[in-house]
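This report concerns only the one structure given below.
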Amino acid sequence: MDTQWPRWEVFKQDTPSKPHQAVGSVHAADPEHALLTARNVFARRPQAVSMWVARADDIHSWTREELLEGFPKVRADASLAPGRYLVFRKTSHKRSMTFVDFVGEVEARSPEEALVQAQATFGDLEALVWWIVPAEKVYRSDPSQETLESWFAPAKDKTYKQQQYYATVGSHVSKHRGGRGVEDEE
Amino acid sequence: MPAKYGVPSDPDYNERLAEFEARIKRGEKIEPGDWMPEEYRRQLIRMISQHAHSEVVGMLPEGAWITRAPSLKRKMILVAKVQDEAGHGQYLYHAAETLGIRREAMIEALLTGQAKYSSVFNYPTLTWADVGVIGWLVDGAAIKNQTMLAQCSYGPYSRAMVRICAEETFHHKQGKEMVLLYAKGTPKQRRMAQDAINRWWWPALMMMGPHDKDSPNTEVLVRWGIKTKTNDQVRQEFINEHVPEILEAGLTLPDPHLRYDPSTGNWLHGPINWEEFWQVVKGNGPMNKERLEARRRAHAEGAWVREALEAYAAKKRRTAVAV
């Protein structure tokens, strides 16, 4: 029985000055459901101000290895209507909890042409992974103050999810006689 | 985009394997779309899906105590922790999916009992002190393993592990804090803490899996950078960190052979009861049946939610077409 919903890639923005970054995926029946699920799965910690989702099937992806093996055939016929594409890129092998970062938009007649534009615009032939997504296929969380607060403020108040909350961090009990928390245990 | 999973009968297999191993040696991450041996993919699916199932089943032993938490503060902490485990299961299913296996197939394997998950979750949680000891020892053991796996050569698994480690540290700290409080609390609290340590110590040591000499997968897993340490190395790190802290808290460990070896700086443990480990893995542990039944029940009872979401999405699609 095939009941699996489509897979959506999730992009989270930690602060207004940072780019949206790919953090993982969720399964959902529609964009609204995908955004809500993304919020529940990926914003249980305070670092979040905005989320985007895009269906995995709408994302065009190339790794550096794939591009070295052969550049994709670029379709740029005059018959194709130009459109906007969002460009994401991974540049480092360093250990990280995020994958590709949003770098900007390009206008092109096909995803392959968008890739060429992206390489030219963002001056990077060495990127490890490129993701190209048609702009109209990316769904964004509501930027209103009301949504911002109801979605992302609760995680900020839950300080007990931070390890710094616990007095015993990183050293032996002998150094923490009379640590916090006794009041509700006894 | 065709997935590129190489098998030894491919004409260019040896050449590609050499490139692949060189990439790993250079510290590069393998990403979805890159060439990889089919065996690398198979081992990763096996490990990541078991890991995902462990997070999901891991909600059950502690979840049972949410309604009986001794204070609002402890209840909120436990709710957040159990919620995290659900999220960690999701991160890991996502990582496995990048290897071309469907989430639905993995969940099906869990619900039908074909899939394995960490044997430690097949032990019962008898008192509130178990919640503290699970955080300190079981999550402590898990974090040692996860920190190692965060270095993994496969990008999606490594990223899931980095995210999990960052969140999981609080699970470990809240457990440790709770046990240390009990250790200096009333005689009854001390007895509860000691009893919980006595019951969870050996299952925690078994979490890292069989000794290296009995672990046939280790060699290839280390060569391909899936693991960067062996089971025995991770187990030793866990013991060296936790034994001195437990002893210093005035608690004891249920291992008469446990001793400090000044020549290596290691705490050496006595023999592990692998017969018990394999019995639990094979489904004969104290709680295997109950855990699986709880998962199946939750899946069946959630069916109406999935149906409602599907119906809502279908309605919106119809409306969109009408407009």
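- B:Arg103 contributes atom CZ, which lies 8.0 Å from atom CZ of A:Arg7 (distance to the nearest 0.5 angstrom).
- Residues B:Arg163 and A:Thr98 are in side-chain contact: their nearest non-hydrogen atoms beyond the backbone lie under 4.5 Å apart.
- You'll find the side chain of A:Tyr160 stays beyond 4.5 Å of the side chain of B:Gln174, heavy atoms only.
- Atoms CZ and CZ, from B:Phe170 and A:Arg45 in turn, are 6.0 Å apart once rounded to the nearest 0.5 Å.
- Counting heavy atoms from C-beta on, the side chains of A:Tyr165 and B:Lys173 never come closer than 4.5 Å.
- For OH of B:Tyr312, the number of neighbouring non-hydrogen atoms (other residues, nucleotides, ligands) closer than 6.0 Å is 12 at most.
- Residue contact with chain A, scored on non-hydrogen atoms closer than 4.5 Å, is absent for B:Ala183.
- Put simply, the side chain of A:His27 does not reach to within 4.5 Å of the side chain of B:Tyr93, judged on heavy atoms.
- For the set B:Glu108, B:Arg23, B:Lys81, the entry with the most heavy-atom pairs within less than 4.5 Å of chain A is B:Arg23.
- Residue B:Lys75 places its NZ atom among more than 12 non-hydrogen atoms of other residues, nucleotides or ligands, all under 6.0 Å distant.
- Between A:Val41 and B:Tyr91, the closest side-chain pair of non-hydrogen atoms falls below 4.5 Å.
- The shortest side-chain heavy-atom distance between B:Thr98 and A:Phe99 does not fall under the 4.5 Å cut-off.
- For A:Arg84, the CZ atom counts as loosely surrounded, since its 6.0 Å shell holds 12 or fewer non-hydrogen atoms of other residues, nucleotides or ligands.
- Interface summary for chain A: among B:His94, B:Gln90, B:Met161, the most heavy-atom pairs under 4.5 angstrom belong to B:His94.
- For the residue pair A:Glu69 and B:Trp35, no side-chain donor N or O sits within less than 3.5 Å of a side-chain acceptor on the partner.
- Of the atoms belonging to A:Ser25, heavy atoms from both backbone and side chain fall under 4.5 Å from chain B.
- Looking only at distances, a side-chain donor or acceptor of B:Glu104 sits under 3.5 Å from a matching main-chain atom of A:Gln4.
- In this structure, B:Ser158 OG and A:Lys94 NZ are separated by 13.0 Å, a value rounded to the nearest 0.5 Å.
- A salt bridge (charged side-chain N to carboxylate O under 4.0 Å, His left out) with B:Glu167 holds for exactly one of A:Lys158, A:Lys161, A:Arg44; it is A:Arg44.
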B:Ile77/A:Tyr166 under side chain to side chain contact (heavy atoms under 4.5 Å, CB included): CA gap, chis, key distance, verdict: CA-CA 11 Å; B:Ile77 291 171; A:Tyr166 301 92; 3.4 Å; yes

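- Scanning both residues, B:Leu309 and A:Ala29, for their nearest heavy atoms gives O-CB, 4.0 Å.
- Ranked by heavy-atom pairs under 4.5 Å with chain B, the list A:Val26, A:Val23, A:Asp30, A:Leu128 is led by A:Asp30.
- In this structure, A:Arg95 and B:Val162 approach most closely via the heavy-atom pair CG-CG2, 3.9 Å.
- If you check the side chains of B:His171 and A:Gln163, you find no donor sitting under 3.5 Å from an acceptor.
- Looking at heavy atoms from C-beta onward, A:Trp5 lies in side-chain contact with B:Glu310 at the 4.5 angstrom threshold.
- At a threshold of 4.5 Å between non-hydrogen side-chain atoms, the residues B:Glu31 and A:Glu65 do not count as touching.
- Surrounding NZ of B:Lys315 are at most 12 heavy atoms belonging to other residues, nucleotides or ligands under 6.0 Å away.
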